[in-house]
Enquirer: 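Mind looking over this structure? Questions follow.
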Amino acid sequence: MRPDSARIARVVTGMPATDGAGVRLSRVIGTPQLPDLDPFLMLDEFGTDRPQDYLAGFPDHPHRGFETVTYMLDGRMRHRDNHGNEGVLVPGSVQWMTAGRGLVHSEMPEQQEGRMRGFQLWVNLPARDKMIEPRYQEFAPERIPVVRPGAGVEVRVIAGQVGEMHGPIDQPATRPVYLDIALDADARWDYALPEGHAGFVYVFEGEAMVGAGAQPLRMQQLGVLDGGAVVAMVAGPGGARVLLVAGRPLREPVARHGPFVMNTRAELQQAFADYQAGRF
Ligand code: FE2
């Protein structure tokens, strides 16, 4: 094992939760067990074949002070905001939405039946960027590079760099890495994160051994990375599919309530006042 190997400091299992108008999901970050993982504020996995679990969707709601990242695996979701932006997320697409000073949007399933599966990650913004104009970085599946850095390893590079390949997401504040890694049975891959990044590995299919000490992670378990930049992973006998997500920690005070994430209570109160006055 290399001396700069990361290890898994903690293992966290997602908790059943509902959000929006009653969508059932598994919350992995943003729970009492793991309230945040600087710079990440929340990770939800939604995955169901039952329309009653997702049909209600996420009707109009505000955001201010951070970014929401939606990665669809199955199903179609239409988003629409109060600034006139609208689009449909299809399987394999990514929407990296910088809410900045604020917007009101809805995220509604564009299907009546079938499978809906994907992730929503919340990424914090530094104090200096919390009130910037909202911005979307949205990419169809064919715009997400796929690399094969080793035998039995296939990586979708949403953000960050693998070899010479850069993911399409641009966010200099946290320099995020967001990789969707498919490992064949017993396949192995080592990946070096940028120095100083904090992050996690989340297994969403199969099983993998991760980090120094080969910590086993089952499906729907997240391992918090610590102690080194090189993340080693080996799939179990049935293969694995894994998210590796990391970013530069902001190390700033966090004042959060629902869809607003600021630095101070006063800024939070201002967010509520601005929202109620229709200033989003
Ligand atoms: Fe939202």
Side-chain angles (χ1 to χ4, degrees), residues 1-12 28-30 34 36-43 45 66-67 69 71 94 96 119-126 129 137 139 144-183 187-205 207-217 221-235 240-252:
M1 196 59 70
R2 297 168 56 157
D4 52 351
S5 288
R7 63 186 182 87
I8 299 297
R10 282 182 68 186
V11 177
V12 172
V28 197
I29 301 175
L34 186 61
D36 59 21
L37 175 48
D38 186 14
F40 306 106
L41 301 159
M42 202 187 78
L43 175 68
E45 179 179 15
F66 62 100
E67 307 185 290
V69 179
Y71 178 35
V94 173
W96 200 290
F119 300 96
Q120 190 166 90
L121 175 75
W122 288 10
V123 188
N124 207 355
L125 287 168
D129 290 342
Q137 301 182 70
F139 298 99
I144 310 291
V146 180
V147 294
R148 290 175 184 82
V153 183
E154 186 176 274
V155 183
R156 284 173 174 73
V157 188
I158 294 165
Q161 188 177 355
V162 176
E164 299 300 300
M165 196 64 83
H166 289 262
I169 299 300
D170 164 55
Q171 176 44 279
T174 44
R175 297 179 53 215
V177 172
Y178 192 134
L179 308 178
D180 169 1
I181 305 159
L183 298 164
R188 170 185 191 99
W189 191 45
D190 289 358
Y191 178 74
L193 288 167
E195 208 55 50
H197 267 37
F200 62 88
V201 170
Y202 181 71
V203 175
F204 65 99
E205 286 177 16
E207 181 172 19
M209 276 71 73
V210 181
Q215 171 70 50
L217 294 176
Q221 286 189 323
L222 176 148
V224 178
L225 294 169
D226 189 26
V230 178
V231 183
M233 55 188 87
V234 187
R241 200 148 161 210
V242 169
L243 295 185
L244 172 56
V245 176
R248 186 156 64 184
L250 297 173
R251 303 187 208 285
E252 291 180 355

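Fair warning: this is a prediction, and the values are worked out from it, not measured in the lab.
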Enquirer: Quick one: does any side-chain atom of Gln221 pair with a main-chain N or O of Val11 as donor and acceptor, under 3.5 Å?
Expert: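 No; zero donor-acceptor contacts below 3.5 Å.
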Enquirer: Any chance you could measure Asn124, atom CG, to Asp36, atom CG, to the nearest 0.5 Å?
Expert: 8.0 Å
Enquirer: By the definition side-chain contact (heavy atoms from CB on, under 4.5 Å), identify the one residue from Gln161, Arg175, Arg248 that meets it with Pro194.
Expert: Arg175
Enquirer: Taking Leu222 as the fixed residue, which of Val201, Leu34, Val245 is the one that meets the side-chain contact (heavy atoms from CB on, under 4.5 Å) rule?
Expert: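 That would be Leu34; it is the only one of Val201, Leu34, Val245 passing the side-chain contact (heavy atoms from CB on, under 4.5 Å) with Leu222.
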Enquirer: Counting C-beta onward and ignoring hydrogens, is there a side-chain heavy-atom pair between Val155 and Met165 closer than 4.5 Å?
Expert: no
Enquirer: Please round to the nearest 0.5 Å and tell me the distance separating atom CD of Glu207 and atom CG of Leu217.
Expert: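 Spacing of CD (Glu207) from CG (Leu217) equals 9.0 Å.
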Enquirer: I need the Leu41 CG to Glu67 CD distance, nearest 0.5 Å.
Expert: 10.0 Å
Enquirer: Assess whether a salt bridge exists between Arg241 and Asp180, defined as any Lys/Arg side-chain N lying under 4.0 Å from an Asp/Glu carboxylate O.
Expert: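 Salt bridge flag = yes for Asp180 with Arg241.
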Enquirer: Could you label the plane-to-plane angle of the Tyr202 and Phe204 rings as parallel, tilted or perpendicular, counting under 30° as parallel and over 60° as perpendicular?
Expert: parallel
Enquirer: Could you tell me whether the side chain of Asp4 and the main chain of Val230 form a donor-acceptor pair under 3.5 Å?
Expert: no
Enquirer: Taking the side chain as every heavy atom from C-beta outward, state whether Leu43 and Phe200 have any pair of such atoms under 4.5 Å apart.
Expert: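 Leu43 vs Phe200: side chains touch.
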Enquirer: Any idea how Phe119 and Tyr71 line up, ring-wise: parallel (<30°), tilted (30 to 60°), or perpendicular (>60°)?
Expert: parallel
Enquirer: From Phe66 CZ over to Leu121 CG, what is the distance, rounded to the nearest 0.5 angstrom?
Expert: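 Between Phe66 CZ and Leu121 CG, I get 10.5 Å after rounding to 0.5 Å.
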Enquirer: Knowing that exactly one of Val234, Val242, Ile181, Val231 qualifies, which makes a side-chain contact (heavy atoms from CB on, under 4.5 Å) with Trp189?
Expert: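 Only one option passes, and that is Ile181.
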Enquirer: Contact between Pro145 and Pro168 at the side-chain level, heavy atoms closer than 4.5 Å - yes or no?
Expert: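 Yes, side chains in contact.
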Enquirer: Using side-chain heavy atoms (C-beta onward) and a distance below 4.5 Å, is Thr174 in contact with Phe40?
Expert: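 With C-beta onward as the side chain, the pair stays apart.
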Enquirer: To the nearest 0.5 Å, what is the distance between CG on Asp38 and CD on Glu252?
Expert: 8.5 Å
Enquirer: Going from CD1 on Ile158 to CG on Leu243, what distance comes out if it is rounded to the nearest 0.5 angstrom?
Expert: 7.5 Å
Enquirer: Decide yes or no for Pro149 and Tyr191: does some side-chain heavy atom of the first lie under 4.5 Å from some side-chain heavy atom of the second?
Expert: no
